[in-house]
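As a basis for the values below, the full set of heavy atoms in this structure was taken, side chains included, without hydrogen atoms, waters or symmetry mates.
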There are 2 protein chains.
Amino acid sequence: MTDCLSCIVRNRAICASLRPDELLLLGRMGRRQRVSSGHTLLWEGDDAPVVANVLEGVLKLVAATADGREQIVGIVFPSDFIGRPFGKESPYSVSAISAAELCIFHRDQFDEFAADHPDLQQKLLRRTLGELDRARRWMLLLGRKSASEKVASFLLEMADRLSSPPGAADTARGFELPFGRQQIADILGLTIETTSRQFTKMRADGLIDLPSRRKIVINDLAALNEMAG
Amino acid sequence: MTDCLSCIVRNRAICASLRPDELLLLGRMGRRQRVSSGHTLLWEGDDAPVVANVLEGVLKLVAATADGREQIVGIVFPSDFIGRPFGKESPYSVSAISAAELCIFHRDQFDEFAADHPDLQQKLLRRTLGELDRARRWMLLLGRKSASEKVASFLLEMADRLSSPPGAADTARGFELPFGRQQIADILGLTIETTSRQFTKMRADGLIDLPSRRKIVINDLAALNEMAG
DNA sequence: CGGATTTGTTGATCAGGGTCAATGAAGGCG
DNA sequence: CGCCTTCATTGACCCTGATCAACAAATCCG
């Protein structure tokens with residue numbers, strides 16, 4: 001595997017807890033892999049033999065009913081961790097929604113390594129606790145919010161998670177979503193039509209601009225916050 | 001604090017990872033506390049200065065919108081762990097829904113102890129990963145399932161989690177829910193009326209019996225599984 | 001550049017589940 | 001024991017968001 005020390009997510013991924021010598025060891029176990037948009041890494045219900053760090057790109061975690069309805073239950077960004085340490089099959093599938101680059105480990109090897117490196121395990125625990133908090137706020141959205149509240153909440157969260165990179169010129173208060181409308185619908189527990197109508201309405205009301213399919217510009221943050229409930 | 005070695009959840013809680021001498025140390029930090037039904041331990045948004053093991057009783061984790069709509073985002077049973085290690089305020093409130101007995105620790109003290117005891121931390125990580133999986137399956141239910149599918153799924157999960165204690169005579173395939181109808185509605189993202197109607201319909205269709213308010217007897221497990229989607 | 005395909009928008013209609021309201025059944029407590 | 005409070009059920013009605021369908025706009029490629 002190529003050099004962990006120069007890894008783009010070196011300081012943000014769980015590896016940040018490791019010393020250079022430990023990193024070298026872990027690095028030998030891992031291997032980089034590019035996956036193209038749309039590719040599914042892990043299937044719901046199958047045994048998940050790998051875990052990974054995301055270096056680049058965005059992936060989705062999808063749970064589905066027997067008759068094919070889909071709910072996105074997690075969104076994975078660079079520096080996030082994928083997979084299910086400590087055995088068990090994956091309770092959801094994992095697919096790339098943009099071209100992505102991963103740093104993949106065999107689960108068993110990773111588990112073993114983690115057991116010997118408490119700091120790594122603590123990083124993983126912190127991350128998992130954060131994910132759990134996020135999932136639970138999301139449950140409130142899915143269970144109790146109206147379509148307009150859902151879309152407003154979504155835009156605010158995305159603005160927060162996507163427009164942060166400090167290098168970027170945030171002159172434009174805009175950002176580019178890594179999702180299409182159907183995926184947004186699958187995140188919010190709505191249909192694509194309702195989602196689209198909400199976007200249209202928000203634009204008509206002047207809350208946002210939609211300069212292109214995936215671009216969002218927020219005009220009235222306060223109103224959006226109000227709307228999110 | 002009283003004796004950890006004779007604790008009812010000794011072998012099921014995260015403490016199971018500790019040796020007797022370690023247990024003694026942790027035991028000195030903790031204190032038992034009874035809480036009565038309805039009492040709220042932690043409030044959403046407030047700093048959460050404590051973590052705890054549940055010895056007895058059932059608690060709920062509740063997230064709410066500004067205007068008071070509530071969604072139950074977690075259910076806590078004996079041997080489960082409560083609270084948010086590693087700082088931060090609690091993103092949901094925690095209330096007892098039956099009389100309960102807890103084993104409470106100061107968060108900072110607990111964090112410190114955990115940092116020195118990797119096995120404990122691993123147990124906590126496993127538990128948290130399990131909770132995250134559960135939360136995600138729950139998201140599918142909230143976002144994509146119909147009222148009847150929600151209630152069927154709920155009954156199946158409760159049958160699984162509640163009727164298991166091996167000592168109990170499972171002659172009757174029945175079990176007693178620790179929730180009232182409103183709480184079930186808050187778990188499923190429904191209103192109390194819809195929930196009630198679904199129960200009534202299932203009884204009319206012979207799938208279940210309702211010998212008393214909180215008792216459930218499952219007559220047709222296969223049909224219920226079918227219905228859960 | 002231009003046809004084909006995918007993705008998004010808009011409209012019309014419908015139904016699942018919410019809301020409001022009344023009644024009934026349990027459980028609590030003096 | 002019997003009143004009172006809480007909790008659950010049932011009914012009537014309505015509204016949000018789903019469904020079905022047509023069309024428009026990007027994007028993909030040869």
Side-chain angles (χ1 to χ4, degrees), chain A residues 36-38 60 65 67-72 97-99 141-155 176-205 208-216 227 229, chain B residues 36-38 60 65 67-72 97-99 141-155 176-205 208-216 227 229:
Chain A
S36 51
S37 181
K60 63 177 180 181
T65 57
D67 62 346
R69 283 166 287 170
E70 295 193 348
Q71 174 67 47
I72 294 184
I97 62 172
S98 73
L141 177 146
L142 290 172
R144 292 302 189 200
K145 289 193 179 177
S146 69
S148 57
E149 291 172 324
K150 284 179 176 181
V151 173
S153 307
F154 169 76
L155 289 179
E176 175 140 359
L177 293 174
F179 317 103
R181 292 288 185 272
Q182 180 61 60
Q183 278 160 358
I184 300 175
D186 288 343
I187 290 169
L188 299 177
L190 296 172
T191 58
I192 185 174
E193 293 95 330
T194 317
T195 306
S196 176
R197 277 187 251 267
Q198 292 300 328
F199 274 104
T200 305
K201 177 147 199 313
M202 285 174 133
R203 185 184 48 186
D205 294 348
I208 58 173
D209 284 333
L210 302 170
S212 79
R213 281 192 167 182
R214 296 190 164 201
K215 249 173 229 137
I216 303 282
M227 197 177 196
Chain B
S36 51
S37 181
K60 62 177 179 181
T65 58
D67 64 345
R69 283 167 286 169
E70 295 193 346
Q71 174 67 47
I72 294 184
I97 61 174
S98 74
L141 178 147
L142 290 172
R144 293 302 189 198
K145 291 192 180 178
S146 69
S148 57
E149 292 172 322
K150 284 180 175 179
V151 173
S153 307
F154 169 77
L155 289 179
E176 176 140 359
L177 293 173
F179 316 103
R181 291 289 185 272
Q182 180 61 61
Q183 279 160 356
I184 299 175
D186 288 344
I187 289 170
L188 299 178
L190 296 171
T191 58
I192 185 174
E193 293 95 332
T194 316
T195 307
S196 176
R197 278 187 251 266
Q198 292 300 329
F199 275 104
T200 305
K201 176 144 200 315
M202 286 173 129
R203 185 184 47 187
D205 294 347
I208 57 172
D209 284 333
L210 302 169
S212 81
R213 280 190 169 184
R214 296 190 165 204
K215 249 173 229 138
I216 303 281
M227 197 177 196

Could you give the NZ-to-C1' distance, from K201(B) to dT10(D), as a whole number of Å?
-> 16 Å
Using whole Å, report how far CZ of R144(B) lies from P of dG17(C).
-> 14 Å
Are the side chain of Q71(B) and the backbone N or O of D186(B) linked by a donor-acceptor pair below 3.5 Å?
-> yes
Rounded to whole angstrom units, what separation is found between the CG atom of L188(A) and the P atom of dA18(D)?
-> 11 Å
If you look at every strand shown and take non-hydrogen atoms under 4.0 Å, does S146(B) touch a base, only sugar-phosphate, or nothing?
-> sugar-phosphate
Do R144(A) side-chain atoms and E70(B) backbone N/O form a donor-acceptor pair below 3.5 Å?
-> yes
Determine: side-chain N/O of T191(A) to OP1/OP2 of dA18(D), distance under 4.0 Å, yes or no.
-> yes
From CG of L142(B) across to C1' of dG16(C) the rounded distance in Å is 17 Å
Whole angstrom value for the distance that separates P of dT16(D) from NZ of K145(A) | 18 Å
Exercise: do K145(B) and S153(B) side chains pair donor with acceptor under 3.5 Å = yes
Over how many whole Å does the gap from R69(A) atom CZ to dA18(D) atom P extend?
-> 12 Å
Starting at atom CD of E176(A), determine the distance to atom P of dA26(D), rounded to an integer number of angstrom.
-> 15 Å
Would you mind reporting whether Q198(A) and K150(A) have side-chain heavy atoms less than 4.5 Å apart?
-> no
Can you check each nucleotide of nucleotides 2-9 of chain C against protein heavy atoms at under 4.0 Å and return B for base, S for sugar-phosphate only, - for none, in 5' to 3' order?
-> -----BSB
Figure out the CD1/P separation between I184(B) and dT9(D), and round it to whole Å.
-> 9 Å
Backbone N or O of R213(B) within a donor-acceptor pair of the R181(B) side chain at under 3.5 Å?
-> yes
Could K215(B) and D209(B) be called an ion pair, given the rule that one side-chain N must be under 4.0 Å from one carboxylate O?
-> no
